[in-house]
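Here's the structure, in structure tokens; my notes come after.
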Amino acid sequence: MPKKVPHFSKILIAWYLQNKRDLPWRNTTNPYRIWLSEIMLQQTRVLQGLPYYLKFVEAYPKVEDLANAPEDDVLKLWQGLGYYSRARNLHATAKIVSEEMNGTFPNNYNDLLKLKGVGDYTASAIASISFNQPEAVVDGNVYRVLSRYFGIPTPINTTPGQKEFKQLAQQLIDKKEPGTFNQAIMEFGARFCVPQSPDCGNCIFNDSCVAFQQKKVTELPVKIKAKPVKNRFFNYLVVLSENERTILQQRTGKGIWQKLYEFPLIETSEEINISELQNFPQFRTFSENLNIENISLFNEKPVIHKLSHQHLNTRFWIVETSEEKENTVPISEVKNYAVPVLIADFVSEFFENY
DNA sequence: AAGGCGGGGAA
DNA sequence: TTCCCAGCCTT
């Protein structure tokens, strides 16, 4: 512990009570709703997650409602929020809580941690906010606030860093109102001690903040740099049959977008032309029981869909067919499937008249 | 310990 | 462009 700061939590909470945003999950301690909000906000900004939270609470007011929903419905409602394993784990955990725990969430850190999709942060958040347990959360905001305030240069995305900051947060937490303390330090990081150009001149802590005193605010927190992103090349085969049907497939196995739907996909190592496309074994399989009348390229210039760890250089090939194949879906129903944003954007542009 | 996993907002 | 967001899981 770098220094004794007996008033840290008092000052922080006082700031929070004056400056906190009025968010729907702050008007409840219901563990189902707290859990739902915390899962949604993992690696996700409040303003991005908020509309999804409202949709989910309306569609599934109780954990039993979520548990009884088809997985496809849950994924469809989650569409656009990203990190879809969160939605799959959310649904699986709802079933466990509903069917094996009598609809009652665990009321302590250790048992919460056993739930799918619930890690150290989320278990601490639920334990403190719903059950008043003194469990400190450490999210991206907490790393930033503590590394600056105490001038700690330990890289935050390493095991020693995680341990050090967790221990420090645990020492600082207000044991009388742990939930309020946790939300206060996160809100302070999100709204005041921001990553770029924080307003240190007007900060409530600028007389004791080590980073400010030593002019190291821009250097903290320290984070090991991520590896460069990989380029991938996607060729989607958009079937357009005479009677306005197309083909959708569900993604299985590992990798991105598990259990979401997309058009038949041929991934290549580089950009290809139409004759190269037709020579791929996957294309031959695809076209076996299909009566293809014409193939055209929708976008000459690839759409570059950017994920945090890969760039998807994507071209859509329009495959007009005169016969109906099995496993086709009416184009008018495509909008009912959970699809990646990359597909949703294409669909809304190309199928807007269907 | 390292890598994979989305999408979007802000500077 | 780059950074990073109320992180977690698998290998």
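Only a predicted model underlies this, so the values are computations on that prediction, with no experimental measurement involved. Below, chain A is the first sequence line, B the second, and so on; all start at residue 1.
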[X] side chain N/O closer than 4.0 Å to the phosphate oxygens (OP1, OP2) of [N]?
X	N	result
Lys227(A)	dG3(B)	yes
His305(A)	dG7(B)	yes
Tyr143(A)	dA6(C)	no
Trp257(A)	dG7(B)	yes
Lys306(A)	dT2(C)	no
Gln43(A)	dG7(C)	yes

Can you identify which nucleotide, out of [options], has its nearest atom closest to the [X] side chain?
X	options	answer
Val46(A)	dC5(B), dT1(C), dA6(C)	dA6(C)
His309(A)	dG7(B), dG7(C), dC5(B)	dC5(B)
Lys254(A)	dT11(C), dG6(B), dC4(C)	dT11(C)
Thr122(A)	dG6(B), dC8(C), dA6(C)	dC8(C)
Arg45(A)	dC5(B), dG6(B), dC5(C)	dC5(C)
Gln310(A)	dA6(C), dC5(C), dC5(B)	dC5(B)
Val341(A)	dA1(B), dA11(B), dG8(B)	dG8(B)

Any chance the rings of [X] and [Y] have centres within less than 6.0 Å?
X	Y	value
Phe350(A)	Phe316(A)	no
Phe181(A)	Tyr16(A)	no
Phe346(A)	Tyr236(A)	no

Could you check whether the rings of Phe105(A) and Trp35(A) sit parallel, tilted or perpendicular, using 30° and 60° as the cut-offs?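 If you compare the ring of Phe105(A) with that of Trp35(A), the planes turn out tilted.
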Please state whether the rings of Phe150(A) and Phe8(A) are parallel, tilted or perpendicular, taking 30° and 60° as the class boundaries. tilted
Which part of the nucleic acid, if any, lies within reach of [X] when heavy atoms closer than 4.0 Å are counted: base, sugar-phosphate only, or nothing?
X	value
Val142(A)	nothing
Asn182(A)	nothing
Arg88(A)	nothing

Between [N] ([atom2]) and [X] ([atom1]): distance, integer Å:
X	N	atom1	atom2	value
Ile185(A)	dA6(C)	CD1	P	13 Å
Gln42(A)	dG7(C)	CD	P	7 Å
Gln162(A)	dA1(B)	CD	P	9 Å
Glu38(A)	dC8(C)	CD	P	9 Å

Pairwise P distance, dT10(C) and dG6(B) [rounded to whole Å]: 14 Å
P spacing across the pair dG4(B) / dA6(C), given as an integer number of angstrom: 24 Å
Whether the side chain of Thr44(A) and the base of dG6(B) hold a donor-acceptor pair under 3.5 Å is what I'd like checked. yes
Between Arg33(A) and Tyr53(A), does the side chain to side chain contact (heavy atoms under 4.5 Å, CB included) criterion hold? Intermediate values first, please. CA-CA 9 Å; Arg33(A) 299 201 173 196; Tyr53(A) 175 83; 3.5 Å; yes
